[in-house]
Structures are given as structure tokens and as C-alpha cells.
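First up is the structure itself, then whatever we jot down about it.
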Amino acid sequence: MEATSTSAISDLQHSSIHALPVLQDNIIWIWIEGDQAVVVDPAVAEPVKRWLKTRKLSLEAVLQTHHHADHIGGTLELLKDWPDAAVVAAEADLDRIPFQTISIADGDQISLLKRTVEVFSVAGHTRAHVAYYLPATSVDSADSALFCGDTLFGAGCGRLFEGTAQEMHSALQRLCSLPANTRIYCAHEYTEANLRWAAALHPEDVAINKRLADVCARRQQGALSLPSSISEEQRTNLFVRAQSSEELAELRQHKDHWRG
């Protein structure tokens, strides 16, 4: 299946970033410029191959945020068709993403598709998780973008599989210090479930309830809830709003066991 959120189509086309939903709830983001493409966290290969070949696009690079199978599972198969494509991943994850060809670390900058890409270390979900930030192309433009994998979700954050609540709290605060209009391209469609949990905890929160209603309407129409934005997460994401790592830890534990 491939789709883009109907209400976000113009934004996606403007920024040349397109959504490819796969598996149960993964989203592979495909960033294009001219006839070149960069693919973010390809869980599987075949839908990506069809998408690129139908549009006569060549694969320049794959961005990997972390090592989980539903993020790297399609990469080696894509390299069979585009053997010269770069694979960008954390040097600290070389043992788990051994096919990387550009090894990066916190603070690095690389150039892809005529844009600068900044690398942030955002440990928490995994020990070597990274995010990729595209600053705006000019002072007046609104095309800054963040590929954050499983660190920051729509109204949520990733589970703490290898990291700590302190690391996740620091990562979220860092990401949410980016410009408010930065578009957030996370790797899973979890927004509705996250908002239902948040609304159960804060039933009187107007911003959370409004976003939940908007997201439910979009999902009922078959559209995605993403991309989100930094400002939207600051208003409605309980993990982002957490004032301390202790508060985040309590929220994460509650969400992990919530069955609403």
C-alpha cells in the first residue's frame, strides 16, 4: 500500500518528501529532488522499488535511524538494484548495521540532494539511535524537516529498549528546540493511539482533544496523521511536555501497560 495524507499532500509535494506506508504501521519516507531519491528506514524493499521505478527515480542514499529489523530490513535488497547508493548510519551501530558506507556521529553534517543534513544522537529507544535534520533552505522558508525514526512520534515517543528515561528526555528536549514549524517525519503511524491514551489521562485538555478529533477524522478517511510539527508536539505530546526524566519514566511505564 502507498499513500499520503490527503490534507498534507501539498506540503509533502512542496517539500518533496513522500510517505510509503508498509507492514502494519511503518512509514518509509522518500525524499526526492529531480530524479534522485533518499529513502529513510526501509523496512521492506519491494514497495520502495516499485515506487522509485514507476517514477524513474534513482536511489542516492538510505538513511538509517537505528538497527531494528523493521527499519533496515529492505536495505540490502535495495542495494542490489542501486549498488552505488550510500547507506548512512551511526558509527556506533556498525556492528548491527555493518553494510553502512557513510558512518556518522552526533554533530556531523552531510550533503544530500543539494541539502545539508545535520545528525543528532538521540539515544533512548536504542543506544545508538540517530535523527536527521534538514534546516530550512532560507530564512523565509518553512521547509525544515526532521527524520526521527522511533524517538519522537505523533503524540508519543519510543519505548526504552536500550536507553534510559534521562536519555529520552534529553533527546526529546533537544529535538523540540528546533524551529516550531519543523515537519516531523517519524517512522510509525501511532498518533491516534497515543492521543487516546493522552486524552484518558487529561480528559479536559483542549489541545489534546482537538488533535485527537482531527486525527480520527483523517484516519477514518484513510489518510495519515503525519507529518507532525514541533509546535504540535509541544502542545499535545505528554512526553515532550514532561518536566523531568522522572515524569517521563512514569508516563512511559503507564503507556507501556495501558490497554484503553
Side-chain angles (χ1 to χ4, degrees), residues 1-22 26-65 71-90 97 99-104 107-120 130-149 178-179 181-187 189 223-224 226-230:
M1 177 176 69
E2 62 182 78
T4 53
S5 167
T6 353
S7 61
I9 283 177
S10 59
D11 293 321
L12 292 172
Q13 290 174 338
H14 173 72
S15 61
S16 299
I17 299 173
H18 302 259
L20 186 60
V22 299
N26 282 71
I27 301 174
I28 300 171
W29 295 104
I30 304 177
W31 164 31
I32 66 172
E33 176 67 38
D35 62 355
Q36 299 290 310
V38 170
V39 172
V40 184
D41 284 346
V44 291
E46 286 306 317
V48 179
K49 287 183 181 182
R50 290 195 300 271
W51 202 96
L52 295 178
K53 291 178 178 180
T54 298
R55 293 158 179 80
K56 297 182 170 56
L57 296 170
S58 178
L59 180 63
E60 177 171 319
V62 174
L63 299 181
Q64 308 279 198
T65 62
H71 293 256
I72 69 172
T75 302
L76 289 176
E77 192 65 30
L78 290 175
L79 294 177
K80 291 179 182 179
D81 285 36
W82 293 280
D84 295 328
V87 179
V88 185
I97 311 178
F99 44 84
Q100 59 183 268
T101 58
I102 299 178
S103 300
I104 45 84
D108 284 351
Q109 293 188 3
I110 59 175
S111 180
L112 288 172
L113 304 187
K114 304 177 183 178
R115 295 282 298 270
T116 296
V117 180
E118 299 180 6
V119 177
F120 300 152
V130 293
Y132 301 93
Y133 173 59
L134 281 61
T137 51
S138 71
V139 174
D140 298 326
S141 66
D143 58 351
S144 55
L146 176 69
F147 298 113
C148 52
L178 295 171
N181 62 359
T182 299
R183 293 281 183 172
I184 298 171
Y185 298 92
C186 55
E189 178 57 84
L224 296 178
L226 303 165
S228 176
S229 68
I230 295 295

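One is the number of the first residue; the rest follow in order along the sequence.
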Please confirm whether Lys53 makes a cation-pi placement over Trp82, using NZ or CZ under 6.0 Å from the six-membered ring centre and within 45° of the ring normal.
yes

Distance (rounded to the nearest 0.5 Å) between Ile102 CD1 and Gln64 CD
12.0 Å

Residue pair Arg115, Asp143: steps toward the side-chain contact (heavy atoms from CB on, under 4.5 Å) verdict:
CA-CA 11 Å; Arg115 295 282 298 270; Asp143 58 351; 3.9 Å; yes

Which atoms form the tightest heavy-atom contact between Val87 and Phe99, and what is the distance?
CB-O, 3.8 Å

Taking C-beta and beyond as the side chain, do Ile97 and Thr75 meet within less than 4.5 Å on heavy atoms?
no

Run the ring pair (Phe, Tyr, Trp, His ring centres under 6.0 Å) test against Tyr132 and tell me which residues pass, sequence neighbours left out.
none

Give the intermediate values and the outcome of side-chain contact (heavy atoms from CB on, under 4.5 Å) for residues Ile28 and Trp51.
CA-CA 11 Å; Ile28 300 171; Trp51 202 96; over 6 Å; no

Distance, nearest 0.5 Å, that separates OG1 of Thr182 from OH of Tyr133
4.0 Å

List the atom of Thr101, the atom of Ala86, and the distance in Å for their closest heavy-atom pair.
OG1-CA, 3.3 Å

Shortest non-hydrogen separation from Lys49 to Asp81 and the atoms involved:
NZ-OD1, 3.4 Å

To check you understand the geometry: which heavy-atom pair defines the closest contact between Val130 and Ala90, and what is its length?
CG1-CB, 3.8 Å

Donor-acceptor pairs under 3.5 angstrom involving side-chain atoms of residues 33-43: please list them, not counting sequence neighbours.
from  : atom 1 : to    : atom 2 : distance (Å)
Asp41 : OD1    : Thr65 : N      : 2.9
Asp41 : OD1    : Thr65 : OG1    : 3.4
Asp41 : OD2    : Thr65 : OG1    : 2.6
Asp41 : OD2    : His71 : ND1    : 2.9

Among all residues two or more places apart in sequence or in another chain, which pass the salt bridge (charged side-chain N to carboxylate O under 4.0 Å, His left out) test with Lys80?
Glu77

Just how far is it from atom CD1 of Ile184 to atom SG of Cys148, taken to the nearest 0.5 Å?
6.0 Å

How many angstroms lie between CD1 in Ile104 and CD1 in Ile110, if you round to the nearest 0.5 Å?
7.0 Å

With sequence neighbours excluded, residues passing side chain to side chain donor-acceptor pair (under 3.5 Å) with Ser103:
Gln100

Of the non-hydrogen atoms in Pro227 and Trp29, which two are nearest, and what is the gap between them?
N-CH2, 4.3 Å

Hey, could you give me the CD/CG distance between Glu60 and Leu112, rounded to the nearest 0.5 Å?
5.5 Å

List in chain and number order the residues that pass side chain to side chain donor-acceptor pair (under 3.5 Å) with Ser228, two or more places apart in sequence or in another chain; answer none if no residue qualifies.
Arg211, Glu232, Glu233

Spatial distance of atom CG (Leu113) from atom CG (Leu134) [nearest 0.5 Å]
8.5 Å

Parallel, tilted or perpendicular: which describes the rings of Tyr185 and Phe147, with under 30° parallel and over 60° perpendicular?
tilted

Determine the sole option in Leu52, Leu59, Ile17 for which the side-chain contact (heavy atoms from CB on, under 4.5 Å) test with Ile30 is passed.
Leu52

Which atoms form the tightest heavy-atom contact between Ser141 and Asn181, and what is the distance?
O-ND2, 4.4 Å

Qualifying residues under side chain to side chain donor-acceptor pair (under 3.5 Å), relative to Asn26, sequence neighbours excluded:
Asp70

